[in-house]
Protein chains: 2
Amino acid sequence: MPTGREIAQLCGVSVATVSRVFNQPETVNEETRQRVLRVAKELDYRPNESARALSTKQSTMIGLVWDTDHRRPGWRHPYLQDLLIGLKSALSAHGYHLLMLATSGDAREVGASLADPVGYVNMTRRHHLGGLVLIDSGSDAEAFGTFAQSGVPCVALDVAVEGPRATYVTSDNAGGARMATLHLAGLGHSRIATITGPPGNEPSDARVAGYRAALREAGLAPREDYVVSGDFYRASGIAAMQRLLALDEPPTAVFTASDEMAVGALLAARAAGLQVPRDLALVGFDDIEIASVVDPALTTVSQDKPGFGVAAAKAIMAMITGAGREEPVVLPTRLVVRQSCGS
Amino acid sequence: MPTGREIAQLCGVSVATVSRVFNQPETVNEETRQRVLRVAKELDYRPNESARALSTKQSTMIGLVWDTDHRRPGWRHPYLQDLLIGLKSALSAHGYHLLMLATSGDAREVGASLADPVGYVNMTRRHHLGGLVLIDSGSDAEAFGTFAQSGVPCVALDVAVEGPRATYVTSDNAGGARMATLHLAGLGHSRIATITGPPGNEPSDARVAGYRAALREAGLAPREDYVVSGDFYRASGIAAMQRLLALDEPPTAVFTASDEMAVGALLAARAAGLQVPRDLALVGFDDIEIASVVDPALTTVSQDKPGFGVAAAKAIMAMITGAGREEPVVLPTRLVVRQSCGS
DNA sequence: CATTTCACCGTAAGCGGTTACATCACCGTA
DNA sequence: TACGGTGATGTAACCGCTTACGGTGAAATG
């Protein structure tokens, strides 16, 4: 690999000039600029990123904090791939890369994991990362606070964090839930239940709020026994549905806070001899791939999955260059009507 | 952030000694070693990775080459998340990180994309990456050859590459296909068709080979009109199934090279008035999440998804330290029997 | 007692960039 | 003619760490 020095020698200029050609092109004479550029191209010169990072104390890498929570080993992010696609492509546009940080095993490092956010923040400094993107791993929301407070630019996904240089992006969970519930009400249902995520989980709480708001708007009385909580997993959807069906007056429609739980609800309903959507209308949330494949296909609230990544990238870039905090981003949601609601 | 120099001063030793404490502990006196370690811990010292990489010409990062092929915008890796989990955790154990390389937009870089593997290889050198992990993005297999030939340690997933420091990991595709087909034969089917992936795609070709081998073993005559090709997508499964159903003597069982296509086949069969598994037995490949959710649940050949990541990590670490080539890894597959085959 | 050996440690030269500061030629102006 | 200003470039320090090399004192050897 050619170095700046070699380019300089071949061009008869100093290394400083070569460096300037790339970093402050306007300060160098047009003619010599061209000369350097030509030689650099011929030799296929690329500035060494390690040296550059060392010198500028700033690399072109963004850390990706994503751990599958060890307390929930089976946990899967519902749309990691789409998110990464959006994130990566938007960061690429700025010449930035994504670093998936190791979480343990480095002899020089205390075990870093979400339980120990400090380890990650140290990583950030060690590698001169520009910032962190925090992907919700199912819990550990409190750890995100530590990240946000650390002063490192960071943007969290689906967790509202606050910090000197932190922000977050989330979907319009309340709006989506409201739409879904209103849709069910519009179909004539008056006994509409909801299966929520874990209490305290922000997207889940927002969805519940949206559900309640819709009931009010539709003039329906809220019933506490129509709000049962799950944990976004399929199994919890089954359990929750069973509880709902055991009520004296079971609901005729259910809005679930995730597609996975909706599938669970579907299975439970079917097991109980109910037909969806004839006997029970179902609406999910997420619009993951499964939603279009189950039978009946799931009506669901669709999130802008690559949009998450793109918005996160934008926010982090803004914080890196702008040195301030950014406004949180709320992505619009969209109701995708399929068969499970019976419309 | 404290530097090595500060530690050195506080301990009354030289920076060289501090460095040795971390890199060649056995060469430094036990007592001073402890002293340095203690002070380092107090100050929460971490060696700067940029400086270290610059000096050693070797970082603790592995490049991840994964682009959604622009010619197939909708393409999704069937189990990226599991793969990443395995990859990341295995690399973490060695203190290595995963760098998702940007593919374009860097002003200093020609647009790097799979169409231009050279850009990636340059990235490798710029960042002193230890090696590359190549994730099949649906096509671009020929680009992988360029990576493998570049001399950079690299391991490809599901694409057989050859190079001075290259290897690959793949599933036992032939074995899995054979198992699946034999299972169908064992169920009494004699008219067993297959829906393949794109011709030329290695896993697909291997699966076809396994299918043929199984027919031979079962004493069934191969029929060329029973081999129709798709592209792993669901839509192609639908089309392929329609072609099979249009035959004079339609198959009673179909082995498809992917679960997505199996779902397509299922839909096509249902649309044609057939009941699965009563009128048609179906076996897929991959065991993605959808497989257990469709109705009837899909019998399928399951791949060791995190195993891919772990094996890749092992191979790349071996090549980094060992400086040679590694043997390709073939992961075992396993038949998961559910309802779609009617057993 | 002189000499070799060896464990331990310091000195200093890199690694490949960035950038504050100095330099220099050249210009316009008083 | 002397002088301050300006644009283009060179000089050299620095970023923080690694490591070849050499030096030191103590122990081992003859």
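Just so you know, these numbers use all the heavy atoms, side chains as well, and skip hydrogens, waters and symmetry mates.
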Inset, instruction - To the nearest Å, give me how far apart CG (Asn23(A)) and P (dG16(C)) are. - result: 17 Å
Legend entry - Residue Ser14(A), side-chain atoms from C-beta onward, closest of dG10(D), dG10(C), dC15(D): dG10(D)
Legend entry - Residue closer to the 5' end of DNA chain D, Ser19(B) versus Ser55(A) (nearest nucleotide): Ser55(A)
Legend entry - Atom pair distance, as rounded to whole Å: NE2 in His127(B) and C1' in dG17(C): 14 Å
Inset, instruction - Ignoring backbone atoms, test whether Asn48(B) places a side-chain nitrogen or oxygen under 4.0 Å from the OP1 or OP2 oxygen of dC17(D). - result: no
Legend entry - Atom pair distance, as rounded to whole Å: NE2 in His128(B) and P in dT18(D): 14 Å
Inset, instruction - Would you tell me if any nitrogen or oxygen in the side chain of Arg52(A) comes within less than 4.0 Å of OP1 or OP2 on dT18(C)? - result: yes
Inset, instruction - Please say whether more than 12 non-hydrogen atoms of neighbouring residues, nucleotides or ligands are located less than 6.0 Å from CD in Glu327(A). - result: no
Inset, instruction - Would you kindly give the CD-to-P distance between Gln24(B) and dC21(D), to the nearest whole Å? - result: 14 Å
Legend entry - Ion pair check, Arg38(A) and Glu42(A), cut-off under 4.0 Å: yes
Legend entry - Arg20(B), nearest nucleotide to its side chain (from dT19(D), dT9(D), dG17(C)): dT19(D)
Inset, instruction - Locate the shortest heavy-atom distance separating Ala148(A) from Ala166(A); write the atom from each residue and the value. - result: CB-CB, 3.6 Å
Inset, instruction - Among the candidates dG10(D), dC9(C), dG16(C), find the nucleotide nearest to the side-chain atoms of Val28(B). - result: dC9(C)
Inset, instruction - Find the distance Arg46(A):CZ to dC15(C):P and express it as a whole number of Å. - result: 21 Å
Inset, instruction - Could you tell me whether Glu30(B) atom CD has more than 12 heavy atoms of other residues or ligands within 6.0 Å of it? - result: yes
Inset, instruction - Would you mind classifying the nucleic acid contact of Ser50(A) as base, sugar-phosphate or nothing, using non-hydrogen atoms under 4.0 angstrom? - result: nothing
Legend entry - From dC9(C), dC17(D), dA12(D), nucleotide with atom closest to Val15(A) side chain: dA12(D)
Legend entry - Nucleotide of dT19(D), dC17(D), dT18(C) approaching Thr56(A) most closely (side-chain heavy atoms): dT18(C)
Legend entry - Complementary nucleotide of dT24(D), counting Watson-Crick and G-U pairs under 3.5 Å: dA7(C)
Inset, instruction - Map Ala51(A) and Arg33(B) onto DNA chain C by nearest heavy atom, then report which one ends up closer to the 5' terminus. - result: Arg33(B)
Legend entry - Euclidean distance, atom CD of residue Glu49(A) to atom P of dG17(C) [Å, nearest integer]: 10 Å
Inset, instruction - Please determine if a side-chain N or O atom of Lys57(B) lies less than 4.0 Å away from the OP1 or OP2 oxygen of dG16(C). - result: yes
Legend entry - Atom CZ of Arg125(A) with >12 non-hydrogen neighbours under 6.0 angstrom: no
Legend entry - Nearest-Å distance for atom pair CD/C1', residues Glu26(A) and dT19(C): 14 Å
Inset, instruction - Report the C-alpha distance between Tyr79(B) and Phe308(B) in whole Å, list the side-chain angles of each, state the deciding distance to 0.1 Å, and finish with yes or no for ring pair (Phe, Tyr, Trp, His ring centres under 6.0 Å). - result: CA-CA 10 Å; Tyr79(B) 47 84; Phe308(B) 265 83; 5.8 Å; yes
Inset, instruction - Could you check whether Val13(B) gets within reach of a base, just the sugar-phosphate, or nothing at all, counting any heavy atom under 4.0 Å? - result: sugar-phosphate
Inset, instruction - Could you check whether Thr17(B) gets within reach of a base, just the sugar-phosphate, or nothing at all, counting any heavy atom under 4.0 Å? - result: sugar-phosphate
Legend entry - Of Thr27(B) and Ala16(A), the one whose closest DNA chain C nucleotide lies more 5': Thr27(B)
Legend entry - Whole angstrom value for the distance that separates P of dC17(D) from CE of Met1(B): 9 Å
Legend entry - Among dC21(D), dC17(D), dG17(C), the one nearest Thr3(B) by side-chain distance: dC17(D)
